[in-house]
Each structure stands twice: as C-alpha cells, then as structure tokens.
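Structure, as structure tokens:
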Amino acid sequence: MSNQEGYPFEQIETKWQKFWEEKGIFNLTSAKKKPKYYCLEMFPYPSGRIHMGHVRNYVIGDVIARFKRMFGYEVLHPMGWDAFGLPAENAALEKGIHPAKWTGQNIEYMKSQLKKLGLSYDWTREIATCSPDYYKWNQWLFLKFYENGLVYKKQAEVNWCEKCQTVLANEQVEAGLCWRCSTVVKSKKLDQWFFKITAYADRLLEEQKLLKDWPERVLSMQINWIGKSFGTEIDFRVADTDEIIKVFTTRADTIFGATYVVLAPQYPLLEKLIKGTQQENKIKEFIERYTVRQDLEDIEKIEKEGIFTGKYAINPVNNEKIPMWIANYVLMEYGTGAIMAVPAHDQRDFEFAAKYGLPKRLVIQSPLEELSAQTMTYAFEDEGFLVNSEQFDNTPSKEAIEAISLWMEKEKMGRRTVNYRLKDWLVSRQRYWGTPIPIIYCPDCGKVPVPEQDLPIELPENVDIQKGQTLADVPEFVNTTCPQCGHQAKRETDTMDTFVDSSWYFSRYISPKQENSPVDIEETKYWLPVDQYIGGIEHAILHLLYARFFTKVMADLGLLSVKEPFLNLLTQGMVIKDGAKMSKSKGNVVDPDEIIAKYGADTVRLFILFASPPEKDLEWSDQGVEGSWRFLNRVYRIVQQYAKEGKIRGSGFGIRDLELVGDDKRLHAATHKTIKRVTEDIETEFHFNTAIASIMELVNEIYKYQFRANDNSSIFVLKEALEAVVLLLSPMAPHLCEELWEACFVEALGKTPTTEQASIFDQPWLKYNPEAIKEEEAVIVIQVNGKVRGKITVAVDVVDEEIKNLALAEIKDKIKDKQVKKIISVPKKLVNIVVVPLQV
RNA sequence: GCCGAAGUGGCGAAAUUGGCAGACGCACUGGACUCAAAAUCCAGCGGAUCUUGCAUCCAUGUGGGUUCGACUCCCACCUUCGGCACCA
C-alpha cells in the first residue's frame, strides 16, 4: 500500500528522531531535583534483527518512561546488549565470521532498528557485556564470591548438551532438553564451578514479600523451583556395620510401615557396601545401566527396576531388619539419595513392592473404610490415624508427623530437616564466547585467583572456531605464571554462563564508566531498585532468579544497598499470529522493518499497545494495524484542519470561568473525563489499550462537535480537546504528537520549536478538572425484579424518596397487576422494584 | 499428580467495593462523495421471536448456590494454556 493518502510519517519520524538525538532530550543528567524513576526493559541478545517480541517489550517500556517523565519524574531509561553467547559461535562456525565481529555488526543494526522505533533511551549509558570494560567486573565479582566462599569447584554429575558442547545449569534444562537447542541433555561427570545459590534459598523465598507487584505466576514458579519441603531425616544403620544411611521423608508418620530401604544407583556408599559380595558384578552392572540420565519421555511409563544389595538396614524405631535395595526410581539429586519404602502408603513403593514381592504393612488406617495390607490394590496416601505403630497408635497421621519427629530427635534416631529442590548454579561453560573465569592452576599452589590488578583477563582473538578450537587451544592464553609462586601455571579455560552478565547489568547502567568498581555505590543507593522492569515470562526462573541472587550477594558484600533488584515486574505476553508464536519454522513471522516502512513507527506502536493489555498474548492482525494507521490519520487531519484555519494556536488550558452550556459543556467534560481515564489506566495497570480507546472516543467527539469560529467558548473547548488528544497520545505515538504539538501549541509557551524546551516531553502531564466532570444529571435505570424496564433522568440532588416515586410513576403500567414488596435504590444508578403477583 | 492463569459477539477486547453486558477497534452491511475506484464522512451491526415496539425472551465455559440484583461472590465440574514432576 502506498502512503500517499496518509500523513507523511516518514518525514515526521526522521525529523523528530534526529531532534531528540541532537538535543539529547533523553540523556539523563541526574540533577536529582525530581523524584527518580528507573524504567528498564530486559536487554536483548544481539541475534541479528529485532523481532516483534522485542518491539512489544520496548514499546511498553518506552510508553512508561515517557509517561513518567511527563508525570514529573527524573527517568533513567537505558539500553544495552546481552552480547556473549553461543549463537555468535554458531555464526562463526557457519560463516567463518569472528564472534566479536558478528556481534558488533548485529548490535549496530539492531540499534538502528531501536532508534527507528523512536525509543527514548539514554544511549550514553549503553553497555555491551562482551566488552572487556564490562566483563572485567564479572571476573571481579567472581573473585569476590570466591573470597566469600560463594564459588566452589566440584566433581559432579552435570547436564551436558552434546550439540552445544557444554554443560548447562539445572535452570537451563527444560523437560530434559537443552533450553537453547532442544537436544536431549545427558549426564556427565565433570569438575565444574558452582555459585552457591542454595545458601540464599531461604532468602529468595522469604524476600519475595518485598516484590509487591510481581505477577503471581512468576512468584509461584520460583517457589516451585526452589521447592522447599519440610521433613525428617532418619538414620538407618546398615546391619553388621557402623555405616549410617540417612533417608529423607516428609511422612515420618509412616516410619513403622517401612519394609525396605532403597538407594539411588549413584549412592556413594554403594561400592563399599557391595564389595566382595556374591552379587557384586550383577549389582555393578545394574548401577552402570542406571547411572546415566534416562531420556525423560513419559516418566510415568518408565518401569521401576531394582536389585537387592544383599544387605539389611535397621529401622531405628523398632530395630527391625529390612532389606536394602537399589532402584531407578530413587534420585541421587533429591534429598539424601536414599529412601525408606512404605509400600502401603506410597504408590511408587507399592508398585515396586508388588513387582519384587516385598511385604507391605498398614500403619495409617483410613477413617472412611477398613483397609488391610492384604487386600489393598493401591497405596493409601491420605490422612488417617496410626495403627501398628506402638505408642503412636490412634494418633491422627497429620499430628503424628511432628510427634514422631520430635520423639526421634529425643531418641537421636533422626532430626527434622528442610530440603530444597534448588541446586547450586553451575556456571562453567566449555565455550569461547564468554567471560574467562579468572583462576590459575598452579602445580604447587593449586587453584589461585587472578589478582585484581591483572583484570580483565581478556579473551584472545585468535581462536579458530571453525576448527573447533576453544580457549584451551590457545597456548598464549593458557600458559601463564602463578601469581603466588611465579612458577609455570595454566589458566582456567572455561568461561562463565552468560546469565552471570545479566545478573547485575542494571546496576552498571547507573555508572557505566565507573573504573575502580563495578558499581558506584552512592549512585546505586539513589537509583536502585529498578522501579519498573519489563520482559518476557521465559525468564521467570532463569534470569530473574539469578539477578535476585546476585543482588543479595552484592548487598551482603556492601556493593549494593537493596535486597531486591526489581520492585515491580511486568511480564508481557507473546506476540502470536494465526494462533501460534511467531517463528521461522511456522512461517508466520512479521518483520518490524517492513511494517515500519509501510506505516511508520507510531502506527506499529499504537497497534501493539491497543490490541491487548500488555500482560496478555497479542494476536497480530494486519487489519488491526490498518485500523491504528487510520486513527492516527484521523488525529492528524483534525488537528491540521483547525491549525490551518489558525483557530487553535496556543494552549486551551488555563482559561477558566467561562460559562459553558450545551455541546461546549459536553466536549469540555469529555476532555477532562478522558484525561482522568487515560491517566488512571496508565498509572495503575499500564492498560494502554483502554487508554487509547478513550482517546479514540474523544477524537470521535471532536469530529461530531460543531465548531463556531467566532465564539470564545467554542474556541476554548475545541483547543482544549485537541491539545488533550495530542498530549495524552504522545507517549504512545511520540513522533506524530511532537509534530502536532509544534504545529499548534508550542507558540503558547512563548517558545520556538528550536529551543530545547520545545519538546512535548518536557510538558507536564495534564490534570483533569473535577469541576468539569461533575455530573448534574444522572440516568437512573428502573428495574422490576432485577430486569430493566425503563430509564429516567434526574438532577443529582433529587432525593431518594422522590426518585422512587418518579420510578414508580414511570413504570406503573407494567406493574399494575402486581403488588410492590420492596424498593431498592442505588444513588445515581438504579431503582429496583420488587413485585409479587397481586393476592386475590 | 501438584501449583498457577484463563474461558464474554464473526475476531481483538471492555465492564469488578455485585447495579443498563459487549465501550473502543477489526471485519461485515447500507448510505453520502466520485464518471468510477481508493481514501474519507455518516449510519447499522450478540442471538431468537412476534404484535417491528426504544417490545419480549435468551445470552459472559457447564451445573448448582447466595442476593432485590451475579461476567463479578461461594461450591462442584469441563476445557485451554503455562510451570513443576518417580521430589520420597
């Protein structure tokens, strides 16, 4: 479609983007004269091009930033690049382009795309995490964590992605697949670096209460992920040895029903236990088979397999000797890697016991039906009361959990414990394009941290990715000397997980060039926490959990003074087309560049904001875009029309004490109602869709309004209405509104368009006049038995009794054969007349 | 299985201390303008019924309940989406 019929968006948008940039309108000088507002959107990975998801994210943030600025805040609104990561290496592999070059080109292009959207960033604060100025501080922080015992290296079974050729954190494994390439993740035993996030598990839970305005589902996802459960650890001694097997259970009430013990195949003590026994080889074979992570298709369907160890354990509560088994249904990574099996009251144990002919013993009796171990066909997992449990018989099972735990603590058989699903954060990556881990391995001194003054450890450039090289293949990088003893030593060649980069970047924007510290402590005291954070739900656990963890650690190290980084979180919905998420494979991608070229950025922005509230998914509609384009043209035309006639120069606001009647009064009221609605819709819930709808209504009113060129009242209400439209719409459609503002209203301020103050974004946000929207009359709905039967219009000062009478009179025909039982009256809204058939 | 969110016209959606369901927009239909089209402007637009009236009835996933009155509150259920999941 050609734009010859519409307003000249291209010229207007170029003009104002240039104006904003040249005048540095959005560059924060931090005069600290106004209350601060830190508005932040999740920075993008520079993958090559901006997609619609980014556009939605950044447009929402931009409207908030512009709105808050006009509302009177000093707004910090920065942007940067999450620039380390695997796609750069894949590009190097495929195209032979160096990751640094590829990343740099992408940043350059994407930045131009963001500028074309008219986003109000302070580009003087731009950061790219692949710059040594930035990742130096990743290294510095790593060393601080190390000093404080929050980083450690250990041998562990870790998640390995064959395709990405690297390990992954638990958070990066989604349903058994790599989060990036969906390859089935394998288990591998490696010596790796971990951040001790588990030390903060409780605070990550507890301090959720500070997150006043986070979506419930994000909070619950994090709670879920951390997976705190209260239970009891019970010591089972291995018969005829001094070895203790600790089992974790949340059902201590069933301890008397334990008929066997099960160990995970990876249980460390196993080797020792089975050594020299008859079945040693068979057991070893079994362990071998199940130590590798199984492909997780449908866990329910995986057959439970096990093998008897030949050993017995002693149940501490009754000294019973029960067999010890190894089985694939017990996981080493949860609890202690060992369980007590209670087949009568746990379905998994029940199935396993049935398969291998192990006994079951009923210890919880159902209050509803008489159960017996012989006849039950599935485990009874509900609450009941205890049986076969010695002194605890007849205790309700819920109470028994605590009673038995306390008793065991007293008898030194076990203890109450807390268990978490959360694991420490594995941060090593066997990749090139990331932050080098600042550790040196010295044959004499062991692991030696790189001294602070030697930072940054820069990434060497001469790595041939196409030949599969990594840092380990660069001798100049690897070979070094020990900072402690000066002998030959080798550098760590793993790099850090890129989620380290994004765990603290929001603090760096505040003082991006700070040289002796990652953050300027004084400045962060002022600017943190982020007042509004906006991003996709896909980071509900990953980035948002890590960033919360980092903030807490940095606060503990005295680097930050807040416990939580993001006070309010808005997770915007996906952009979908034809019912599915936009993706290349589905062929339903809409390219932002094309749409901007066709309609301009303002139309794209308006459509995205209008189509649905930000937290919901947005269905892309070409016709909907067309509609937004039409609306902006409608605005442009009506303002231009009056501007050309010279009727509305200057501001309409501020003129008071005009007695308005009829249409003038109506338009005046409509203007102020719109100001109220738009302000409230944006302020409380960021519901731009309804805000735009009410501006549309006002525009419709203006079109209907009969203007009288020689009448002061008419000039006043029209000016005021048009000015309100331009100002209220400006955060959403900034270019067009700047243009119309300049064309019509700037003059009133005694400014010329060339002075810096002439930007519409230096205008204060409009305030509505309560007098203007005061209703003098109210439409009262008359209901009979809750059904609408009529309407009357009355002055607001008419008393209740009078309204009831008017209502009765209005509908007396309709109720003449009925008896009035009761009349309910809601002031200014309705009268409900309750009637029953006349009694004969 | 557990946890969470959501179900409203042909479509995107509005409406919450319980008070006219469907604002606004899209699509569609009709009219004006035009030689014609596009653009624009105006009007109509949940369903059914008849007695075409500012008429009556039905309608916010389903079934109950509370209430003068329920999209909104309570109970049960269904469906969809998301998260977690042999978690002991």
Side-chain angles (χ1 to χ4, degrees), chain A residues 1-2 4-6 174-176 215-225 227 229 231-232 247-251 254 262 264 294 296 298-304 327-331 333-342 345-349 351-352 381 419-421 537-538 540-541 574 606-607 610-613 615-628 630-631 633-634 637 677 687 689-700 703-704 779-791 821-835:
Chain A
M1 90 119 50
S2 83
Q4 61 192 15
E5 311 283 355
E174 293 169 350
E216 195 51 48
R217 65 170 170 158
V218 175
L219 295 175
S220 84
M221 278 161 80
Q222 293 204 355
I223 290 172
N224 237 317
W225 187 259
S229 62
T232 312
V247 308
F248 175 78
T249 181
T250 53
R251 291 294 304 272
T254 64
V262 191
Q294 291 164 53
L296 310 147
D298 197 345
I299 276 157
E300 305 284 298
K301 288 190 191 123
I302 293 175
E303 186 70 17
K304 291 178 177 49
N328 63 340
Y329 77 98
V330 173
L331 309 173
E333 16 347 329
Y334 186 78
T336 58
I339 63 158
M340 62 177 199
V342 187
H345 305 289
D346 183 290
Q347 188 58 26
R348 294 156 301 179
D349 298 341
E351 287 165 20
F352 190 79
E381 296 180 333
N419 197 35
Y420 299 93
R421 216 188 65 95
I537 188 76
E538 66 273 18
I541 294 170
M574 290 186 304
L606 193 76
F607 167 70
F610 181 60
S612 87
E615 67 278 5
K616 281 182 72 169
D617 284 351
L618 182 151
E619 173 78 33
W620 186 267
S621 154
D622 290 332
Q623 284 162 334
V625 177
E626 202 62 58
S628 295
R630 257 199 301 267
F631 172 68
N633 274 294
R634 233 166 116 73
R637 255 183 277 121
R677 275 201 64 187
H687 280 180
N689 56 332
T690 50
I692 292 167
S694 46
I695 299 173
M696 285 174 168
E697 284 181 77
L698 181 57
V699 171
N700 291 344
Y703 266 84
K704 281 185 198 143
V779 177
I780 308 285
V781 170
I782 305 166
Q783 295 182 337
V784 177
N785 288 352
K787 293 194 170 150
V788 181
R789 283 293 177 271
K791 280 172 201 181
K821 272 204 91 171
K822 193 171 168 188
I823 300 178
I824 290 124
S825 167
V826 181
K828 293 184 196 172
K829 287 226 169 108
L830 63 76
V831 174
N832 189 12
I833 299 164
V834 184
V835 298

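For the numbers below, each heavy atom of this structure counts, side chains included, while hydrogens, waters and symmetry mates do not. Here is how names work: the chains are called A, B, and so on, in the same order as the sequence lines, proteins then strands, and each is numbered from 1. No experiment lies behind these values; they were computed from the predicted model shown.
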Can you pull every protein N or O that's under 3.5 Å from an N or O on nucleotides 23-32 of chain B?
unit_1	atom_1	unit_2	atom_2	d
B/A23	O2'	A/E697	OE1	3.4
B/A23	O2'	A/E697	OE2	3.3
B/G25	OP1	A/N700	ND2	3.2
B/C26	OP1	A/R630	NE	3.1
B/C26	OP1	A/R630	NH2	2.8
B/A27	OP2	A/R630	NH2	3.2

Please list each protein N or O that sits under 3.5 Å from an N or O in nucleotides 49-51 of chain B, with the distance.
none

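The distance from atom CZ of A/R421 to atom C1' of B/C86 is 14 Å, rounded to the nearest whole Å. One interatomic measurement links the two molecules: CG of A/N224 to P of B/C87, which rounds to 13 Å at whole-angstrom precision. A straight line from NE2 of A/H687 to P of B/A13 spans 12 Å, rounded to a whole angstrom. A/N633 has its CG atom 9 Å from the P atom of B/C41, to the nearest Å. In this structure, CD1 of A/I537 is placed 11 Å from P of B/C84, rounded to the nearest angstrom. Atom pair A/E381:CD and B/C86:P shows a separation of 15 Å (rounding to whole Å applied). Protein atom CD of A/Q347 is 14 Å distant from nucleotide atom P of B/C2, rounded to whole Å. Between A/K791 atom NZ and B/A55 atom C1' there is a gap of 14 Å when expressed in whole angstrom units.
Counting only heavy atoms from C-beta on, A/I541 has its side chain closest to B/G83 among B/G83, B/C87, B/A14.
Residues from residues 779-787 of chain A lying near RNA chain B, meaning a heavy-atom separation below 4.0 Å, are A/V781, A/Q783, A/K787 in numerical order.
With sequence neighbours left out, the side-chain contact (heavy atoms from CB on, under 4.5 Å) criterion links A/K829 to A/V826. Every side-chain contact (heavy atoms from CB on, under 4.5 Å) that A/R421 has, sequence neighbours left out, goes to A/W225, A/Y334. With sequence neighbours left out, A/D617 forms a side chain to side chain donor-acceptor pair (under 3.5 Å) with no residue at all. Residues that satisfy the salt bridge (charged side-chain N to carboxylate O under 4.0 Å, His left out) test with A/R348, not counting sequence neighbours, are A/D346. Evaluation of the side-chain contact (heavy atoms from CB on, under 4.5 Å) rule for A/I824 yields A/K822, A/N832, A/V834 as partners, not counting sequence neighbours. Looking at residues two or more places apart in sequence or on another chain, you find a salt bridge (charged side-chain N to carboxylate O under 4.0 Å, His left out) between A/E697 and A/R677. The side-chain contact (heavy atoms from CB on, under 4.5 Å) search around A/S628 returns A/T603, A/L606, A/F607, not counting sequence neighbours. For A/N700, the side chain to side chain donor-acceptor pair (under 3.5 Å) criterion is met by A/R634, not counting sequence neighbours.
Side-chain contact between A/T249 and A/M340 is present, with heavy atoms from C-beta onward closer than 4.5 Å. Under the 4.5 Å side-chain criterion, counting only non-hydrogen atoms from C-beta, A/M574 is not in contact with A/L618. Considering only heavy atoms from C-beta on, A/D349 comes within 4.5 Å of A/I339 through its side chain. When side chains are defined from C-beta on, A/I833 does not count as touching A/R789, because their heavy atoms never get closer than 4.5 Å.
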Review point. Under a 3.5 Å cutoff on both atom distances, Watson-Crick or G-U, what's the dot-bracket for RNA chain B ([ ] crossing, | other strand)?
Key: (((((((..(((......[....))).(((((.......))))).(((((..).))))..(((((..]....))))))))))))....
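For A/R637 and B/A39, the shortest distance from a side-chain N or O to OP1 or OP2 is not below 4.0 Å.
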